[in-house]
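In what follows, a structure is listed as structure tokens, so that the remarks can point back to it.
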Amino acid sequence: MRGRWGAGLALVFAAGLGAAEEGRPRVALDEPVFDFGTVDRGARVDHTFRVPNRGGATLRIDHVKSSCGCTVAVLSEREVPPGGEARVGVSLDTARLAGRTTKTVNVYTNDPDAPVVGLSLAGQVLADLILTPQPLYLGHLRRGEAVRREVIVTSGRPGERYVVERVEPTSPHLHARLEPRPDGPGQRLVVELDRDLPLGRFNEQLRLHTTSPREPVLTLPVFGSVEGDVVVLPPQNRGARPVTVTSVTVPDGVVTYTLAAVQEGREYRLTLRLRDGLKPGKVESKVEIFTDHPEEKHLVIPLYAIVRDGRRG
């Protein structure tokens, strides 16, 4: 009796699973990560990913979100029939990268088991000189505050020793000097700001002239904001380091979204729009934001709305 009951359960479960798969799309990536090997900084990496639909219903690609430095183009139709596949072309600009690098683009689909799938480009980017950090984000500064930051300059190629010879600021309020690095190889770039820097955001650059024949000039962005006694709330990123929004997850059947960088690494604008044709009633869900911040990688925002007669309320 026990054996017949257990077998019956197994048969019912298998049949139910098969029926469910027949009536829904299923993404099955053969190559989620493409290793592009080793390239020189400044090279462009291009690759086309295949996104097959192994389910029994049409797969819809709602949108593709690229990470910093990537551009994306969906080369085929966004509606993929069962047994078909979409092709997603990804280009990576390595001009501001160095060392081991992984960049991921997220593909948002109507597959209930894989609403977001990642496609990654991974490899080694060689550079004659590496600046750490790059860019240099100074954060929110109080008016009149003394500002002093350091950037470490090291060699990025084994057996080669290039150096920065001189630094050219682009603003009279920005000062920089080169020093030997006391605790290791390379150089130390000391960056200072004038105390009388005007209120508001600033975005300046340092031009580093080097002995490298491949990269005779490197550009170091320096940005932040100066605040007085009155500030505007709510604040965005008030930390001491740039923060990149790596991905956003929304209830796909309810809203669409756009994400724009107001100032890369400091402030982003996330715009949500309820989809047309929603049934009247309450919408209660959440929006998840993922970042590269070591302590705030996952943010959750409640989403509430009321739809009246097919219209948003």
Side-chain angles (χ1 to χ4, degrees), residues 10-34 46-67 70-92 103-122 245-260 270-290 300-301 303-313:
L11 289 174
V12 171
F13 177 77
L17 181 61
E21 287 187 346
E22 288 179 2
R24 67 186 185 188
R26 184 168 70 89
V27 176
L29 297 178
D30 298 322
E31 183 195 34
V33 180
F34 172 69
D46 298 300
H47 184 69
T48 299
F49 290 92
R50 297 170 55 248
V51 183
N53 178 13
R54 304 252 171 88
T58 298
L59 173 70
R60 186 178 71 251
I61 297 179
D62 186 62
H63 64 282
V64 182
K65 175 67 174 64
S66 64
S67 61
C70 290
T71 57
V72 177
V74 179
L75 303 184
S76 60
E77 297 295 330
R78 293 181 179 271
E79 301 284 338
V80 185
E85 68 177 28
R87 293 179 179 268
V88 180
V90 181
S91 295
L92 173 64
K103 293 293 184 180
T104 301
V105 300
N106 289 322
V107 180
Y108 293 78
T109 78
N110 65 334
D111 181 345
D113 294 328
V116 183
V117 293
L119 307 174
S120 299
L121 298 173
V245 176
T246 57
S247 65
V248 177
T249 301
V250 300
D252 183 64
V254 177
V255 301
T256 60
Y257 81 90
T258 57
L259 179 69
L270 176 63
T271 304
L272 303 176
R273 183 181 186 278
L274 288 174
R275 291 185 178 277
D276 294 328
L278 293 177
K279 295 181 180 180
K282 293 183 180 180
V283 173
E284 297 184 6
S285 189
K286 63 182 179 179
V287 175
E288 298 178 272
I289 301 175
F290 298 87
V300 179
I301 302 174
L303 174 64
Y304 299 99
I306 297 177
V307 179
R308 296 188 178 91
D309 299 327
R311 293 171 294 181
R312 294 178 295 273

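Note: F34 and H47 have parallel aromatic rings, judged against thresholds of 30 and 60 degrees for the angle between ring planes. Between Y257 and H63, the two ring planes are perpendicular [angle over 60°; tilted spans 30° to 60°].
Looking at D30 and R54, a side-chain N of the basic residue comes within less than 4.0 Å of a carboxylate O on the acidic one, giving a salt bridge.
Taking CG of L29 as the start and CZ of F49 as the end, the distance is 9.0 Å to the nearest 0.5 Å. Rounded to the nearest 0.5 Å, atoms OG1 (T246) and NZ (K65) are 8.5 Å apart. A distance of 11.0 Å separates OG of S120 from CG of L92, quoted to the nearest 0.5 Å. How far CD1 of I61 is from CG of D111: 11.0 Å, rounded to the nearest 0.5 Å. One finds the OG1 atom of T249 at 10.0 Å from the CD1 atom of I289 (value rounded to the nearest 0.5 Å).
Nearest heavy-atom pair across R275 and V255 is NE-O, 3.8 Å. In this structure, A28 and P52 approach most closely via the heavy-atom pair O-CG, 2.8 Å. In terms of heavy atoms, P25 sits closest to P112 at O-CD, 4.2 Å. For the residue pair V80 and N53, the shortest heavy atom distance occurs at O-ND2, 3.1 Å.
Using a 4.5 Å heavy-atom cutoff, the side chains of E288 and V116 are not in contact. Between L59 and N110 the shortest side-chain heavy-atom distance falls below 4.5 Å.
In this structure a side-chain-to-backbone donor-acceptor pair under 3.5 Å is missing from T109 to V117.
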(request) For side chain to side chain contact (heavy atoms under 4.5 Å, CB included), just list the numbers for V287 and L272, CA-CA rounded to whole Å, side-chain angles, deciding distance to a tenth of an Å, and then say yes or no. (result) CA-CA 9 Å; V287 175; L272 303 176; 3.7 Å; yes

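A search for side-chain contact (heavy atoms from CB on, under 4.5 Å) contacts involving V254 returns P251, L274, L278, V283, not counting sequence neighbours.
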